[in-house]
Amino acid sequence: MRQQQTIEDLAQLRQTVERVAGSTPITDMHTHLYAPEFGELLLWGIDELLTYHYLISESFRWSQEDYRYFWSMSKREQADWIWQKLFIDHSPVSEAAAGFITILQRLGLDVTSRNLNDYRQALEKRTVNEQVDAVMKIAGIEKIVMTNDPFDPVERPVWLLGNGKTDPRFYAALRVDALLNDWTHAVNELRSLGYDVYAEWTERTKAETRRFLTEWITRMDALYLAVSMPGDFRYPAEDHHSRMIDEVMIPVCQEQNIPFALMIGVRRRVNPSLRLAGDMSMQSDVSAVEALCRRNPQQKFLITMLARENQHELAVLARKFRNLMIFGCWWFLHIESMVEEMTRFRIELLGTSMIPQHSDCRVFEQLIYKWEHSRRIIGNVLADKYEKLYMSGWRVTEEEIKRDLDDLLNRNFWRFLCKA
Ligand code: FIX
Ligand code: ZN
């Protein structure tokens, strides 16, 4: 016999789903945020929010000025410039601009005043630790996975001093982009860190690169290995990517029993003058992921892709391989219309067995808007599905709704890692 009471009222059903979707504690499994121990790497506050690279590229739509003019300004001046263009001269209706307004509102600032200096002053009164606590509480975030790069000269000493794993709310993911996508640079970095590697693909080089990964996974207690790949990534192929993946990365992941996360479909620096804001999306070949999953059945892959055109095929692929976990609506897909579309067909194809969203936040307060917007959409889509079941006579309990949302927003990630 069922112990819990089922929800018999249709209006109550939707309200319950919305409430639970709005309050379930979240594991944000891919961000560019850092724990306070990382000092200047943890970005927060009004000027960082306004100079987010999503907003930089949007502001240049309204400007004829030389790019160099923008980059010559101080951060505060850049923020003023963006504020004027995207919030005063025009209405902030884009996802990233509207998100800034959501943040102001949730932080209790007077959105109607449009007084940027007041907003700055209000936040400058806070300490970083206060702001981290406040934002995590408002956004309902329990656990945050960082993106961690041992080649970063600011980040590396924090780990070497043993301070990287102090705050239990933050987890590490070892980022390996240079090893795959800029081997010349990686060789220099590895050598300067004392690893005996060479540009040539020798047995010694492979062994030393494996030693590097193993040591840093251990040092960081990294949850997974992560890389972003260009859209023209092919696998298997007679190239550096395939050799590095097959002979170094997968063997280490297997030994350490961690997943390998690939974020596929970036075309970097399409407009270099925009710096970080100058990257583009690119359609990819889903059969590379298919081959990875088939050839390495014991290895788990966390996969997200950047092109809208790849999403349906990727979701279908996840039906075929249980070692594939699809995650998030990445970057240009993290807009309401795409999150809605993707969440809907992912649920229709996979039920609740996927990770519908990650934030990719770079500035701490962004957790507020990215998750508020996504929670609302995920809740809505799920409520539609329960309503259909209701019409067919199937009744759910509040506990079942909580279980499903906990799976989507938290547990599926940990279960995939065998840590739940
Ligand atoms: O490669 C990545 O992890 C991307 O998410 C970033 O490089 C990108 O700049 C970003 O911030 C997207 O949201
Ligand atoms: Zn990212």
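All ligand and atom numbering here is 1-based and tracks the order in the structure. Remember, it's a predicted structure, so these values are computed and weren't measured experimentally.
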Only pairs at least two apart or in different chains count here, so list each ring pair (Phe, Tyr, Trp, His ring centres under 6.0 Å) that has a residue in residues 280-317. H312-F345
Please find out if less than 6.0 Å separates the ring center of F233 from that of H241.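 When the ring centroids of F233 and H241 are compared, they turn out to be within the sub-6.0 Å range.
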Residues D360 and H30: side-chain donor-acceptor under 3.5 angstrom: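 Yes, H30 and D360 have a side-chain donor paired with an acceptor closer than 3.5 Å.
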Under 4.0 Å between a side-chain nitrogen and a carboxylate oxygen: does that hold for K75 and E48? yes
Residue list, side chain to side chain donor-acceptor pair (under 3.5 Å) with N412, at least two apart or on another chain: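 In terms of side chain to side chain donor-acceptor pair (under 3.5 Å), with neighbours along the sequence ignored, N412 is linked to R415.
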I'd like to check D80 versus D47 (side-chain heavy atoms, cut-off strictly below 4.5 Å). Are they in contact?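 SC-SC contact between D80 and D47 ruled out.
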Within the 4.0 Å heavy-atom cut-off around ligand 1, the contacting residues, ordered by chain and number, are H30, H32, H53, Y54, R175, S228, M263, R268, W330, W331, D360, R362
Report yes or no: is the cationic atom of R219 (NZ for Lys, CZ for Arg) under 6.0 Å from the centre of the six-membered ring of W216, at an angle within 45° of the ring normal? yes
Have a look around the Zn ion (ligand 2) and list protein N/O/S atoms under 2.8 Å, or say none. H30 NE2, H32 NE2, D360 OD1
Measure the acute angle between the ring planes of F38 and Y34, then classify it against the limits of 30° and 60° as parallel, tilted or perpendicular.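 Correct class here is tilted.
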Parallel under 30°, tilted from 30 to 60°, perpendicular over 60°: which one fits the rings of W201 and H240? perpendicular
